[in-house]
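My questions all concern the structure below.
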Amino acid sequence: MVSKRLGWTLHTLLSHYRHHPLQTLFLLTGLITGVALWVAVQVINTHARSSYQQATQLLGAQASHWIRPAGDGGIELEQYIELRRAGFRQLFPVLEQQLTTSDRQPLNLIATDLLALPMDSVGAFNVTANWSELMQPPFQAWYPQSLAETLDLQPGEQLALASGIRLPAAVIQTQAQQGQRVFMDIGAAMTVLGRTRFSYLAVGGLTPVEQAALSSILPAQLQLVANQQSLDLSELTQSLHSNLTAMSLLSFAVGLFIVFNAVRFSLNARSTTLATLQELGVSVRLLSVAIAVETMILSIIGAAAGVTLGYLLGMQLLPAVANSMQNLYGAVIDHHLLLQPLTILKAWGITLAGLLFALGWPLWQRSQRALASQRSISDDWLQDGKARRMLALGALVLLALALLLYPNMDSVAEGFALLALLLFAAAWLLPVLLAAALAALQSLIPERAWRWRWALNDGWTQLPVLRTALMALLLALTANFGVDTLVGSFRSALENWLDQRIAADIYVNSEKLKVDSVLQSPLIIDHHQRNGVDLRWGLRPAQIYGLDTRAPDSLQLPLAMHNNALAAWYRNEAGVVLANEQVHHMTGIDPGDKITLTTAAGPRKFTVAGFFYDYGNPFYRFYLPYDIVATLWPDAGNRGLALWLERSAQAGGADISSSTSTAIEQKLLQAGAQPGEWVYRDDILQVSIEIFDRTFAITAAMGTLTLMVAGIALLASLLAIHQRRLPEYAHWRAIGVRRREWLLIILLPLAVCVLLTWLLSLPLGTLLAWLLIHDLNVLSFGWTMPMLVQPWPAVRLALLTAVVVATTLIITLLQVRYRLPATLKQLGGDG
Amino acid sequence: MRWLPLLLLLVAGAATADDVYDVLRRGDSGYAEVVPGKTLVFPADHLAHPTYRIEWWYLTANLTDERGQNWGLHWTLFRQALHADGKTEGWTSNQVWMAHAALTTPAGHRYEERFARGGIGQAGVALEEGRFSAWLDDWQLQGDSAEILPGSLHFSVDGTTVQLELDMQTPWVLQGDRGYSRKSAQGQASYYYSQPHIRVRGFIIEPAGEEITVSGDGWLDREWSSQPLADNQPGWDWFSLHLQDGSALMVYRLRHENKRDGERPNEGQHNHWLSGTWITADGHSRALSADEIELTALEYHRVERANDSALELPLRWSLALPAMGDGYRWTIEAMDPHHWLATAFPYWEGPVVAEGSNPGIGYLELTGYQ
């Protein structure tokens with residue numbers, strides 16, 4: 001009996017969705033888009049993390065260890081063959097190289113010998129392509145689809161490099177752990193790039209006995225190192241994944257605003273039905289059960305579609321994230337996304353939670369009202385004022401919580417919690433501010449301008465429904481402006497820093513260069529030879545660099561802070577070190593503190609003389625004088641030679657003349673360098689900025705998507721408002737209101753509200769950026785930068801908002817135009 | 001003869017070819033051709049002939065340990081040229097190497113295959129410090145001089161290490177017409193010579209460290225060609241026998257596909273290409289023509305392959321050389337049917353027992369069965 005009653009109650013309730021397909025569409029759109037973005041990021045994060053687990057693998061083969069040269073210069077073929085012939089078949093040679101294309105795009109290359117991979121891993125290889133063509137001249141270069149698209153490369157084309165070398169013909173083909181890299185046979189790569197040594201040997205599956213045996217026969221110049229990459233990557237990338245999750249949760253929140261609106265509309269639209277049902281004797285309890293079932297159905301539909309869409313979206317966003325990971329951390333992320341059951345379950349969980357939250361408030365409001373008043377539409381007006389005050393009160397509570405949290409914040413998660421509190425506080429304050437602005441404007445307009453007064457007054461009708469959409473818009477705009485400001489500040493800080501840091505004209509990194517012979521050239525007015533070693537400090541990989549303290553770029557080292565010991569560093573004294581800002585922010589070490597570094601002769605203490613800016617470096621880095629590094633780490637390798645060139649008077653003193661560059665390239669070739677082993681300053685700057693832009697492409701994509709979700713919220717609200725008010729419009733038309741007047745009436749309040757929302761997003765976005773730069777960035781990555789508020793992102797957002805509003809308005813007006821005649825007819829019939 | 005094919009993975013269409021043995025049927029575009037009348041010169045011809053498409057160094061041995069238990073092994077190094085462009089050294093080398101090692105123990109059968117590119121020293125056949133050496137990684141067949149034999153063989157399979165001393169008593173046997181071995185009426189041929197009388201002594205070290213002393217008879221085949229198989233030859237059945245009186249026998253049959261309907265692939269022997277060699281204990285050889293050999297499959301066995309599929313293979317045979325007399329008649333049977341090698345080029349190879357008035361032991365190889 002009860003189930004039958006529940007059945008028809010549900011049937012009655014659900015018929016609403018059939019009668020209002022557009023509202024149904026919006027409700028689902030809100031749910032689906034919100035869930036989809038969250039799922040997309042979840043899928044990507046899970047996938048990235050599982051990729052880090054696979055960092056013990058290389059191109060499908062196990063790589064538990066590496067054999068690396070103690071210094072640098074790579075590994076000789078003979079050394080490798082000797083080890084293979086000694087029975088160490090777990091070894092395979094790898095060449096990794098950063099390349100620059102002729103149009104200054106950065107490109108990573110990885111190459112190995114497929115025939116040398118351990119047999120059990122060969123199965124992991126994709127053999128649809130032809131191995132012999134990969135290995136035999138004219139060779140092939142294998143690109144993953146997304147990389148080929150980025151480089152605008154067609155199959156069969158030969159990519160031109162900045163060095164003038166052309167890579168072999170492109171084949172669109174992906175291997176395990178290839179990531180966003182071009183893959184070549186190692187023989188082909190050595191031949192084409194003119195290399196004579198491998199980067200390192202990868203070692204798969206060593207038993208302890210084999211490891212001891214290998215260590216014992218390894219020549220002194222080579223070292224066996226455990227592959228700790230998966231550990232390092234998990235540690236290093238944690239913050240980036242938190243950032244992505246936070247942005248996806250923001251999108252979900254924006255999506256919830258749509259849902260909130262739609263749910264409220266659906267309850268409002270059905271208030272008559274609900275009241276009738278109650279009058280017919282359906283108990284409140286049964287009604288609640290029916291609504292709960294309805295919610296469950298919606299949540300399942302929303303989650304299922306959201307997960308599907310999210311998965312597809314994840315596939316679209318993956319190349320951008322993979323690029324970020326590759327560029328920032330050297331992490332290799334594959335292209336095959338996996339959807340885990342847990343993600344689906346979580347997606348359904350948050351959908352249900354979101355729906356219950358969206359339902360909770362209106363239901364509570366409704367329960368507060370008397371049964372009789374539930375049929376009155378104008379009651380909303382009264383209720384709206386009350387709701388605004390409640391929201392404002394809530395906002396104050398959130399603000400208070402934020403203020404409490406701020407001084408005690410010491411983790412990335414707390415940082416994001418603070419941002420969430422602030423954003424929601426601002427969003428909840430918005431309705432009060434909008435109402436105040438409307439009231440103020442109304443009082444300013446003279447009595448005679450009755451059309452304007454009418455229009456503004458109409459705002460009070462629109463506001464209750466528009467409110468939520470505007471809150472969503474505020475969130476989206478604020479997040480976009482804040483992140484734009486952050487990225488813009490970072491970009492400009494990076495540019496300035498690179499300008500200072502990359503001061504020499506040409507940088508040479510060559511295995512076989514005879515430095516003395518190059519330096520004899522009269523074209524060279526100064527030079528800087530660096531050395532270095534990689535080691536671990538704390539839990540992370542660290543880089544030690546030996547600098548020539550009298551070189552021009554050393555003298556202008558951009559320092560974030562320093563103490564008196566700096567002079568000792570410049571005097572090449574032992575025991576004094578400069579560290580990057582990351583060391584200061586991540587470990588709390590201050591200038592003057594002592595740190596311990598592991599030298600070849602064992603641990604040794606150094607006094608920190610200061611911290612230099614080192615934007616975007618995920619590793620700790622230490623600068624010591626060149627000779628100190630050479631003494632303490634005899635294995636330290638060459639870290640490149642920087643050259644300052646003479647500027648001819650004709651070239652205006654700024655640019656290097658082409659004759660100078662031709663002459664110096666000639667000199668480098670004579671001194672043993674290979675083409676492609678040197679790079680000009682301008683190219684480094686351009687490539688660095690290119691890498692930066694690619695790295696932050698994901699941020700831009702997420703921002704745009706969030707704004708789109710907000711746009712949908714706005715569209716849904718406008719449609720809801722106008723659908724409800726169609727009879728009213730018909731009345732107006734009947735009493736002779738012209739279309740232009742009607743447009744003014746509905747447009748003016750909307751324009752005022754959107755404008756105010758946009759204006760409010762600017763200081764809020766700035767505050768968000770400030771927090772991101774001064775607190776979250778330091779917590780996440782360990783570096784700071786000056787904040788730079790630029791007008792352009794604000795203008796861009798204004799234009800974008802205008803486009804969104806105009807689009808939704810056009811759709812709405814078309815709807816109204818299409819349905820008004822019918823409504824008028826109804827009105828006539830009724831009359 | 002050993003028609004074991006090469007590294008098809010590397011040759012066009014590896015993943016799509018229905019028959020990996022197709023590589024052996026390719027026409028000789030640009031490769032050196034096998035022609036009659038060439039005089040084989042030793043030790044020079046022990047080394048690689050990179051202008052020919054394929055080549056191998058193929059050793060089998062029937063061994064017994066001190067407790068009288070039977071062991072068997074085969075070790076092969078294959079060379080293949082991917083192109084006829086003559087580049088053999090460095091990273092652009094067109095040479096590719098493949099090696100197989102299989103060990104028959106009293107407990108079962110173990111095998112491994114390995115690959116290496118040519119030109120970089122990871123694998124090859126060359127004189128190293130004046131000694132013949134054929135190697136891939138740490139697997140190595142090494143002569144004491146520029147000659148292959150006497151010499152030694154070192155390899156390991158699944159953690160079991162094999163270390164053997166090899167010695168020969170009799171001269172090399174040139175197969176076919178002074179080393180020119182025809183494989184079909186259409187002109188397919190190879191250069192082919194063997195050493196059927198190798199004395200083998202050495203030890204096998206089990207993964208647990210147990211050292212087993214073994215000794216026995218070995219057989220080494222050397223062969224190179226550019227197109228050994230005709231289009232209608234799906235594979236072959238090859239026998240090598242060490243007989244009680246010290247003589248040795250090699251017989252092979254290249255199966256032809258133009259069999260009658262309803263026949264098993266290796267019935268109707270009149271259609272197949274038959275050839276063989278009789279070698280006396282002191283190393284004198286006599287080529288056997290097709291009409292001197294009677295070879296019939298007696299029994300088929302179900303043999304498990306790697307991927308849970310099974311194959312019917314002829315593992316019991318009757319062989320007779322009626323022209324040589326009544327005593328030249330044997331029943332040959334595989335010691336253990338489970339000797340399928342699921343390698344890139346899959347085949348069956350294992351030790352056999354020959355029963356007759358002059359009994360013996362040896363090796364059987366069956367290829368091209370699908």
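First the proteins, then the strands, lettered A, B, ... as listed; each starts at 1.
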**OP:** Salt-bridge test for A:R197 and A:E76: reply yes if a basic N is under 4.0 Å from a carboxylate O, no otherwise.
**Re:** yes

Subject >> Residues B:S145 and B:R131: side-chain donor-acceptor under 3.5 angstrom >> reply: no

Original post:
Is any residue of residues 203-211 of chain A within less than 4.5 Å of chain B by heavy atoms, and which ones?
Top reply: none

Original post:
With under 30° as parallel and over 60° as perpendicular, where do the rings of B:W57 and B:W97 fit, or are they tilted in between?
Top reply: tilted

Original post:
Is there a donor-acceptor contact under 3.5 Å linking the side chains of A:E96 and A:S199?
Top reply: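 No pair is found: no donor N or O on one side chain lies under 3.5 Å from an acceptor on the other.
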
**OP:** Under 4.5 Å heavy-atom distance to chain B, tell me which part of A:Y80 shows up: side chain, backbone, both or neither.
**Re:**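 Only the side chain of A:Y80 comes within 4.5 Å of chain B.
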
**OP:** Find the one option among B:E112, B:K87, B:Q140, B:H83 whose heavy-atom pairs under 4.5 Å with chain A are most numerous.
**Re:**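 The option with the most such pairs is B:H83.
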
Original post:
Looking at A:D113, A:I186, A:D185, A:T191, which has the largest count of heavy-atom pairs under 4.5 Å with chain B?
Top reply: A:D113

Original post:
Just checking, is any N or O donor in the side chain of B:S133 or B:E128 under 3.5 Å from an acceptor N or O on the other one?
Top reply: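 There is such a pair between these side chains.
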
Subject >> Side-chain H-bond candidate by donor/acceptor type, B:R117 with B:Q95, under 3.5 Å >> reply: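 On atom types as modelled, these side chains do not qualify, holding no pair under 3.5 Å.
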
Subject >> Pairs satisfying salt bridge (charged side-chain N to carboxylate O under 4.0 Å, His left out), at least one member in residues 138-161 of chain B, at least two apart >> reply: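 Non-adjacent pairs meeting salt bridge (charged side-chain N to carboxylate O under 4.0 Å, His left out): B:R114-B:D138.
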
**OP:** Ignoring hydrogens and angles, tell me if any N or O in the side chain of B:T104 forms a donor-acceptor pair with the backbone of B:H109 under 3.5 Å.
**Re:**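 Answer holds: no.
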
Subject >> Proximal component of B:S93, with respect to chain A [non-hydrogen, under 4.5 Å] >> reply: backbone

Subject >> chain B interface, residue from A:R84, A:R85, A:E78 that has the most non-hydrogen pairs under 4.5 Å >> reply: A:R85

